[in-house]
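Structure first, then comments.
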2 protein chains.
Amino acid sequence: MKEYSIGQMSRRTGVKVTTIRYYESRGLILSPARTTGRQRRYDEAALERLAFLRHARELGFGLDDIADLMALAEAPLKDCAPAHEIARKQLAAVDRRMKILAQLREELARMANADDPGHAGKCRVIEVLGDHRLCIGAHEA
Amino acid sequence: MKEYSIGQMSRRTGVKVTTIRYYESRGLILSPARTTGRQRRYDEAALERLAFLRHARELGFGLDDIADLMALAEAPLKDCAPAHEIARKQLAAVDRRMKILAQLREELARMANADDPGHAGKCRVIEVLGDHRLCIGAHEA
DNA sequence: ATACGATCTACAGCGACTGTAGGTTCAAGG
DNA sequence: CCTTGAACCTACAGTCGCTGTAGATCGTAT
């Protein structure tokens, strides 16, 4: 059975050592076994959960939502009704995120492809960012 | 000469009143004129700067990057290559994010729509988001 | 046996807000 | 005018998700 130190976990997932300990303190990952010298030793399952956590964070999910998603992953063995509700809620969140990202992408592509960077003409990046017609969200409130 | 209260600025740009004051305290926008009762009164130029700030934040720029961009906007003859570089970097990040979100979306949709919640098959959310091949950033360190 | 990097705990600090308390100002209606 | 109530003011604590520091201990390679 393979074992990993916290540093190996960090290298394999890209999550910083301090952040791993922070996740543990928040209850997002289980407290792992310890050596006699009280150093953490993780197994393969812990590695997978951490990789999941990392990707979910990169997608912009909050830690509470991630806790829900993790519960969802374990749900099929139990009652699925709450799991489906979480799935629907997260699906809606994902759809909103994708919609916004698609708009961001368009604007950024326009910015990145504007005038030649070194060229004598004026830089459109600033203009584009200031343009009211390109507002991403409806801004009420 | 049109004048706007902080609340009107907020409504016009979608930036919350408290956040506008925060931006001022961070030096990102100039301290506006005040009424005799010490309430802020903004002009059209301030509105434009705030709109710029809002859009840049939505695109994921940090406040320091935004300060740099604003400085660039005031020296338009200077080379704007760094601004293009920032835009390209953000664009790449957005593309990676969208790709992963699409996969998660598919999995969540499958789970949310499963006719047979109890036997719909193993939940693959963790697998989908745990997949190393989908990593957004290079993770060295 | 020693050296030296990795790990430990505890806690302070950061970025970008957000919320609260408690008071003041402005504009509209009576 | 005067009242009323929303909008505004300052100051500061709290939030989220980390990140960094200090000082001590552990573990492994030579």
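Computed from heavy atoms alone, side chains included, the values below leave out hydrogens, waters and symmetry copies. Protein chains get the first letters and strands the later ones, always in sequence-line order, with residue 1 at the start of each.
Summarising the geometry, the separation between CD on Glu24(B) and P on dC17(C) is reported as 15 Å, rounded to the nearest angstrom. The interatomic distance linking Leu28(B) (CG) with dA16(C) (C1') rounds to 11 Å, in whole Å. Nucleotide dA16(C) holds its P atom 17 Å from the CD1 atom of Ile20(B), rounded to whole Å. When rounded to the nearest whole Å, the span between CZ of Arg54(B) and C1' of dA16(C) equals 16 Å. When rounded to the nearest whole Å, the span between CD of Glu3(B) and C1' of dT25(C) equals 15 Å.
Each of Thr36(A) and Lys16(A) has a nearest nucleotide on DNA chain D; the 5'-most of these lies closest to Lys16(A).
In this structure Tyr23(B) satisfies the side chain to side chain donor-acceptor pair (under 3.5 Å) test with no other residue, sequence neighbours excluded. Remark: Arg57(A) engages no residue in a side chain to side chain donor-acceptor pair (under 3.5 Å) (not counting sequence neighbours). Residues forming a side-chain contact (heavy atoms from CB on, under 4.5 Å) with Arg41(A) (at least two apart in sequence, or on another chain): Glu3(A), Ser5(A), Thr35(A), Gln39(A). Remark: Val94(A) pairs with Phe61(A), Met98(A), Leu101(B), Leu104(B), Arg105(B), Leu108(B) by the side-chain contact (heavy atoms from CB on, under 4.5 Å) rule, at least two apart or across chains. Asp43(A) meets the side chain to side chain donor-acceptor pair (under 3.5 Å) test with no other residue; sequence neighbours excluded. Glu24(B) meets the side chain to side chain donor-acceptor pair (under 3.5 Å) test with Ser31(B), Arg40(B); sequence neighbours excluded.
Taking 4.0 angstrom as the limit, Thr18(B) places none of its side-chain polar atoms (N or O) nearer than this to OP1 or OP2 of dG19(C). Between Thr19(B) and dT18(C) there is a side-chain N or O to OP1 or OP2 distance below 4.0 Å. A sub-4.0 Å separation between OP1 or OP2 of dA16(C) and a side-chain N or O of Tyr23(B) is absent.
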I'd like a list of close polar pairs between nucleotides 11-15 of chain C and the protein, N/O only, cut-off under 3.5 Å.
none

Which pairs, protein N/O on one side and nucleotides 8-12 of chain D N/O on the other, fall under 3.5 Å?
residue : atom : partner  : partner atom : Å
dC8(D)  : OP1  : Ser5(B)  : OG           : 2.7
dC8(D)  : OP1  : Gly7(B)  : N            : 2.8
dC9(D)  : OP1  : Arg40(B) : N            : 2.7
dC9(D)  : OP1  : Arg40(B) : NH1          : 3.0
dC9(D)  : OP2  : Arg21(B) : NH1          : 2.4
dC9(D)  : OP2  : Arg40(B) : NH1          : 3.4
dT10(D) : OP1  : Arg34(B) : NH1          : 3.2
dT10(D) : OP1  : Arg34(B) : NH2          : 3.1
dT10(D) : OP2  : Arg40(B) : NH1          : 3.1
dT10(D) : OP2  : Arg40(B) : NH2          : 3.0

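Around the CD atom of Gln8(A), the shell of radius 6.0 Å holds more than 12 heavy atoms that belong to other residues, nucleotides or ligands.
Arg12(A) is not listed as a side-chain neighbour of Leu50(A), based on a closest heavy-atom distance of 4.5 Å or more.
From Tyr42(B), atom OH reaches atom CD1 of Ile20(B) across 5.5 Å, with rounding to the nearest 0.5 Å.
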